[in-house]
S.K.: 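The following block contains the structure, expressed as structure tokens.
Numbers restart at 1 for each chain; the letters A, B, ... are given by sequence-line order, proteins then strands. What's counted below: heavy atoms across the whole structure, side chains too, no hydrogens, waters or symmetry copies.
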Amino acid sequence: MKEIVVSCLGGAIERARASGQLKSNPAAIGIEAPKDPAHGDVASNVALTMARAEGKSPRAIAEIIKVASELPPEIAEISVAGPGFLNFRMTPAYWHAEMVRAMGEGARYFRPQKWELRPGGGDRVQVEFLSANPTGPVTVGHGRNAVLGDTIARMLEAAGFNVTREYYFNDGGRQMKLLGESVRARYLQDMGIDAPLPPDGYQGEYICDIARELRASRGDNLAEGENLELFRAAAVEAIFADINRTCDRLKIRFDRYFNELDLIKSGKVKEVLDALRKQNLSFERDGAVWLRGEPLKLPKDAVLVRSGPDREPTYRTPDIAYHIDKINRSFDLIIDVFGADHIAEHQEVIAAVKALGHDTSAIRAIIYQFVTLTRAGEKIKMSTRKATYVTLDELIDEVGADVVRFFFLFRKSDSQLDFDLELAKKQAPENPVFYVQYAHARLSSVFREAEKAGIDFAASGGRANLALLGEEEMALARRSLALRPVMTAAAEALEPHRISFFLLELAGEFHRYYNQPANRIIGTDRGLTVARLFLAGLIKTAIAAGLDLLGVTAPERM
RNA sequence: GCGCCCGUAGCUCAGCUGGAUAGAGCGCUGCCCUCCGAAGGCAGAGGUCAGGGGUUCGAAUCCCUUCGGGCGCGCCA
């Protein structure tokens, strides 16, 4: 549709220039979907943008373009409106053809349309998300990361890009040592030995579970000696299994798990440190190695390698090596999904990678704000170290995977997300998930009724006379078809919430239509019934396609 | 103090990358099933787009500034 209008406008401007009525050439022909349906199907503001160069009023320019345009068969009408907009209305035949095409292609029609990631083409995308270290069950906060990352991957995949989903983690290092010590303490306590939890140790109940399981499988002989490595490994294995189980419930999977330890073992971290030193971007102080903040335009210096006998790198050093590794794997787009608390660290990493001469232009950071849980209007306090947080599993248990996914995708990532448990559990219209799913279930029910009435929609579908549909019905059809450009815009902006909001609107429009007695889909007029079933099928397909992309089920009945 | 994000209806939030009369849900008020799913719909009230400057044909959107809130500023990740 856009293409048709742009080429129509382009031709008109060309002719107007040839005849001397216009002298300038617009930098771009802007096209938009008007908010108000009275303004047609597509609008363009070219006349407004040309006003300055032409020295004429926008309306006058719009008139010139209008007169000079030759309408293709798909465009019914072109008009000048408001301050100088050019509004286009497509012919019913055009819309009917789109409807037939959408029904023919099904969900495929609604997939985001592929665009160029880079000037030279290229379609390799990497999405790194979740990346929670295996120190405990994933929390509600991680949930937003997981669902956001997975859905962005889904959108890009649907658009036809080659997507790698990656989970970056660290199972060595300091926190892991602490984890092992915590399990050991619980193990001994389980045997009745008075062993204190290390200071800052992990207090969660899951540590006790792991200790008990270890005791069940290995008996009491681990009490002799330290065995810290064994405790740590057992904990990591159990926790990772747990994380993967939780992800499965949300239909989230990864193609690759990338271990920070491999970067250290392979010498890549050392290479980074050497390169930084060589370029005088690092220095030693207090026995530690620091990243120089000033030349990188960072607010302060940051530690790369800790002091002490172990010379352990901090988190950011391997992360620099990791990002260089990503760039070297020549992805055309690299997406990092992380919470607002990691912004500073990410800036340091990118600045260092850039300073080392790597092109960071393919990296896009998706930063999401925090999640708060509300129950009956009261905020639930969450602390990870104490066992007061709510795990993602518990959240799924309480409200279900569909609701968890939809709620996390019902805010733009820049906004803080208030997860209202009461609302989430309600199977009522004020709960957006159920509102949308209900529309799908209702539509499914219509087709069940049609079958009962002996109407074989599949056989007659291709012959539906769409000209029988009224204006309200065509508006509903156009709205359904609009899912496609919305999908594309959402994928391109990496903003899945646009799809959620669109689905809510589409569902609302359908409910409104459905509730009017005059709009009974199955009626006595066979031709009209078939046409309306065609429309119902279109809406149903659109809703299902949208929900599917969000990883939410589209139920046939509820 | 510095960096990032946010401030839109009583509440929770959209606003399609600068467009036409700023929207939705909840809540409030009053209505609608002889009817394919009332798990639904209709109507009404409700706004200084935090305040102030600027940019231009045009600003909730871009820039500056003030105020208010969140997050970070660790040899944790």
S.K.: Remember a base hit wins even if backbone is also touched, and classify A:Asp319 as base, sugar-phosphate or nothing at under 4.0 Å, heavy atoms.
M.R.: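 Since no nucleic acid heavy atom lies under 4.0 Å of A:Asp319, the category is nothing.
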S.K.: Rounded to whole Å, how long is the line connecting atom CD of A:Gln369 with atom P of B:G3?
M.R.: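 Result: 17 Å.
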S.K.: How do A:Gly173 and A:Ala81 order along RNA chain B: which one's closest nucleotide is nearer the 5' end?
M.R.: A:Ala81
S.K.: Roughly, in whole Å, what's the span from CG in A:Asp301 to P in B:C2?
M.R.: 19 Å
S.K.: Within the structure shown, what part of the strands sits under 4.0 Å from A:Ala439 by heavy-atom distance: base, sugar-phosphate, or nothing?
M.R.: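 A:Ala439: no heavy atom of the nucleic acid under 4.0 Å.
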S.K.: Could you tell me how far B:G68 sits from B:A24 if I compare only their P atoms? Round to whole Å.
M.R.: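 Taking atom P in both B:A24 and B:G68, they lie 33 Å apart.
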S.K.: Name the closest nucleotide to the A:Glu430 side chain, picking from B:C2, B:A38, B:C26.
M.R.: B:C26
S.K.: Each nucleotide in nucleotides 13-19 of chain B should get exactly one letter: B, S or -. Can you fill that in based on protein heavy atoms under 4.0 Å?
M.R.: SSSBB-B
S.K.: Quick one: pull up CG in A:Leu550 and CE in A:Met155 and give me the separation to the nearest 0.5 Å.
M.R.: 8.5 Å
S.K.: In whole angstrom, what separates A:Ile343's CD1 from B:G72's P?
M.R.: 10 Å
S.K.: Look at A:Arg442 and B:A38 and indicate whether a side-chain polar atom (N or O) is within less than 4.0 Å of OP1 or OP2.
M.R.: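 Yes, such a contact exists.
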S.K.: Report the nucleotide, chosen from B:G74, B:C36, B:A20, that has the shortest atom-to-atom distance to any side-chain atom of A:Lys300.
M.R.: B:G74
S.K.: Please state the P separation for the pair B:G18 and B:U12 - nearest whole angstrom.
M.R.: 28 Å
S.K.: Strictly under 6.0 Å, is that where the ring centroids of A:Tyr167 and A:Phe258 end up?
M.R.: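 No: the rings miss the under 6.0 Å criterion.
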S.K.: What's the gap between B:C71 and B:A9 when it is taken at their C1' atoms, as a whole Å value?
M.R.: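 28 Å, rounded to whole Å.
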S.K.: Only pairs with both distances under 3.5 Å count, Watson-Crick or wobble alike; so what is the partner of B:A24 in this structure?
M.R.: B:U12
S.K.: Between B:A77, B:C4, B:C36, which nucleotide has the shortest distance from any of its atoms to the side chain of A:Gln347?
M.R.: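 Among B:A77, B:C4, B:C36, the one nearest the side chain of A:Gln347 is B:C4.
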S.K.: The test is salt bridge (Lys or Arg N to Asp or Glu O under 4.0 Å); show your working for A:Glu451 and A:Arg448 and say whether it passes.
M.R.: CA-CA 5 Å; A:Glu451 204 175 327; A:Arg448 284 194 293 271; over 6 Å; no
S.K.: My understanding is that a pair needs two contacts under 3.5 Å, Watson-Crick or G-U wobble. By that rule, which nucleotide pairs with B:C4?
M.R.: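 Its partner is B:G70 (Watson-Crick or G-U wobble, both distances under 3.5 Å).
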S.K.: Any idea which of B:A24, B:C73, B:C5 is nearest the A:Asp414 side chain?
M.R.: B:C5
S.K.: Less than 4.0 angstrom between a side-chain N/O of A:Tyr514 and OP1 or OP2 of B:C42, yes or no?
M.R.: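 A:Tyr514 to B:C42 OP1/OP2: no side-chain N or O under 4.0 Å.
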S.K.: What verdict does the side chain to side chain donor-acceptor pair (under 3.5 Å) test give for A:Tyr514 and A:Asn519, after you've listed the backbone C-alpha separation in whole Å, the side-chain angles of each residue and the deciding distance to 0.1 Å?
M.R.: CA-CA 6 Å; A:Tyr514 183 89; A:Asn519 294 335; over 6 Å; no
S.K.: Taking NZ, NE, NH1 and NH2 as the nitrogens, is one of them in A:Glu509 or A:Arg479 under 4.0 Å from a carboxylate oxygen of the other?
M.R.: yes
S.K.: Can you find a side-chain donor-acceptor pair between A:Tyr202 and A:Gln175 that sits under 3.5 Å?
M.R.: yes
S.K.: Measuring only the P atom in each nucleotide, how far is B:G44 from B:C64? A whole number of Å is fine.
M.R.: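 Rounded to whole Å, the distance is 42 Å.
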S.K.: Determine the Euclidean distance between corresponding C1' atoms of B:A38 and B:C31; express it in Å to zero decimal places.
M.R.: 14 Å
S.K.: Within the 4.0 Å heavy-atom criterion, would you say A:Ala43 contacts the bases, only the backbone, or no part of the nucleic acid?
M.R.: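 The residue A:Ala43 makes base contact.
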S.K.: Which is true for A:Asp310 with a 4.0 Å heavy-atom rule: it touches a base, it touches only sugar-phosphate, or it touches nothing?
M.R.: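 Answer is nothing: A:Asp310 stays at 4.0 Å or more from every strand.
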S.K.: Salt bridge or not for A:Glu430 and A:Lys426, using N-O below 4.0 Å?
M.R.: yes
S.K.: Is there a donor on the side chain of A:Ser445 or the base of B:C36 sitting less than 3.5 Å from an acceptor on the other?
M.R.: no
S.K.: Please determine if a side-chain N or O atom of A:Arg306 lies less than 4.0 Å away from the OP1 or OP2 oxygen of B:C76.
M.R.: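 Result: yes.
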S.K.: If I pick the P atom on B:C36 and the same atom on B:U61, what distance separates them, to the nearest angstrom?
M.R.: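 Roughly 49 Å separates the two P atoms.
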S.K.: Which whole-number value in Å describes the distance from A:Ile264 CD1 to B:A77 P?
M.R.: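 After rounding, the gap between these two atoms is 10 Å.
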S.K.: For B:C42, give the paired nucleotide (Watson-Crick: N1-N3 plus N6-O4 or O6-N4; G-U: N1-O2 and O6-N3; both under 3.5 Å), or none.
M.R.: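 For B:C42, the partner nucleotide comes out as B:G30, under the 3.5 Å rule.
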S.K.: On RNA chain B, does the nearest nucleotide to A:Leu86 precede the nearest nucleotide to A:Ala340 from the 5' side, or the other way round? Give the residue.
M.R.: A:Leu86
S.K.: Just how far, in rounded Å, is C1' of B:G3 from NE2 of A:His342?
M.R.: 16 Å
S.K.: Could you tell me the Watson-Crick or G-U partner of B:C57, where both distances fall under 3.5 Å? Say none if there is no partner.
M.R.: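 Partner of B:C57: B:G19.
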S.K.: Distance check needed: B:G23 C1' versus A:Asp36 CG, whole Å only.
M.R.: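 Atom-to-atom, A:Asp36 to B:G23, this comes out as 13 Å.
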S.K.: For B:G27 and B:G46, measure between their C1' atoms and round to the nearest Å.
M.R.: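 Looking at atom C1' only, B:G27 and B:G46 are 11 Å apart.
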S.K.: Scan the side chains in residues 531-540 of chain A for donor-acceptor partners under 3.5 Å anywhere in the protein, sequence neighbours excluded, and list what turns up.
M.R.:
residue  : atom : partner  : partner atom : Å
A:Arg532 : NE   : A:Glu473 : OE2          : 2.6
A:Arg532 : NH1  : A:Ala518 : O            : 3.4
A:Arg532 : NH1  : A:Arg520 : O            : 2.8
A:Arg532 : NH2  : A:Glu473 : OE2          : 3.3

S.K.: What interatomic distance, in whole Å, is found between P of B:U65 and the corresponding atom of B:C2?
M.R.: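 Rounded to whole Å, the distance is 11 Å.
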S.K.: Answer with base, sugar-phosphate or nothing: what part of the nucleic acid does A:Ala441 contact at a heavy-atom distance below 4.0 Å?
M.R.: base
S.K.: With the threshold set at 4.0 Å, does a side-chain nitrogen-carboxylate oxygen contact exist between A:Asp262 and A:Lys268?
M.R.: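 No, this pair does not count.
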S.K.: Salt-bridged, A:Asp41 to A:Arg478, with N to O below 4.0 Å?
M.R.: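 Between A:Arg478 and A:Asp41 there is a salt bridge, with a charged N closer than 4.0 Å to a carboxylate O.
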S.K.: What is the separation between atom CZ on A:Arg144 and atom P on B:C71, rounded to the nearest whole Å?
M.R.: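 Whole-Å distance recorded here is 14 Å.
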S.K.: Which listed nucleotide (B:C57, B:A20, B:C76) is nearest to the side chain of A:His39?
M.R.: B:A20
S.K.: Without decimals, in angstroms, what is the distance between A:Arg174 CZ and B:G74 P?
M.R.: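 Going from CZ in A:Arg174 over to P in B:G74 covers 15 Å.
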S.K.: How would you label the glycosidic angle of B:U55: syn (within 90° of 0) or anti?
M.R.: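 Because its glycosidic torsion lies more than 90° from 0, B:U55 adopts the anti conformation.
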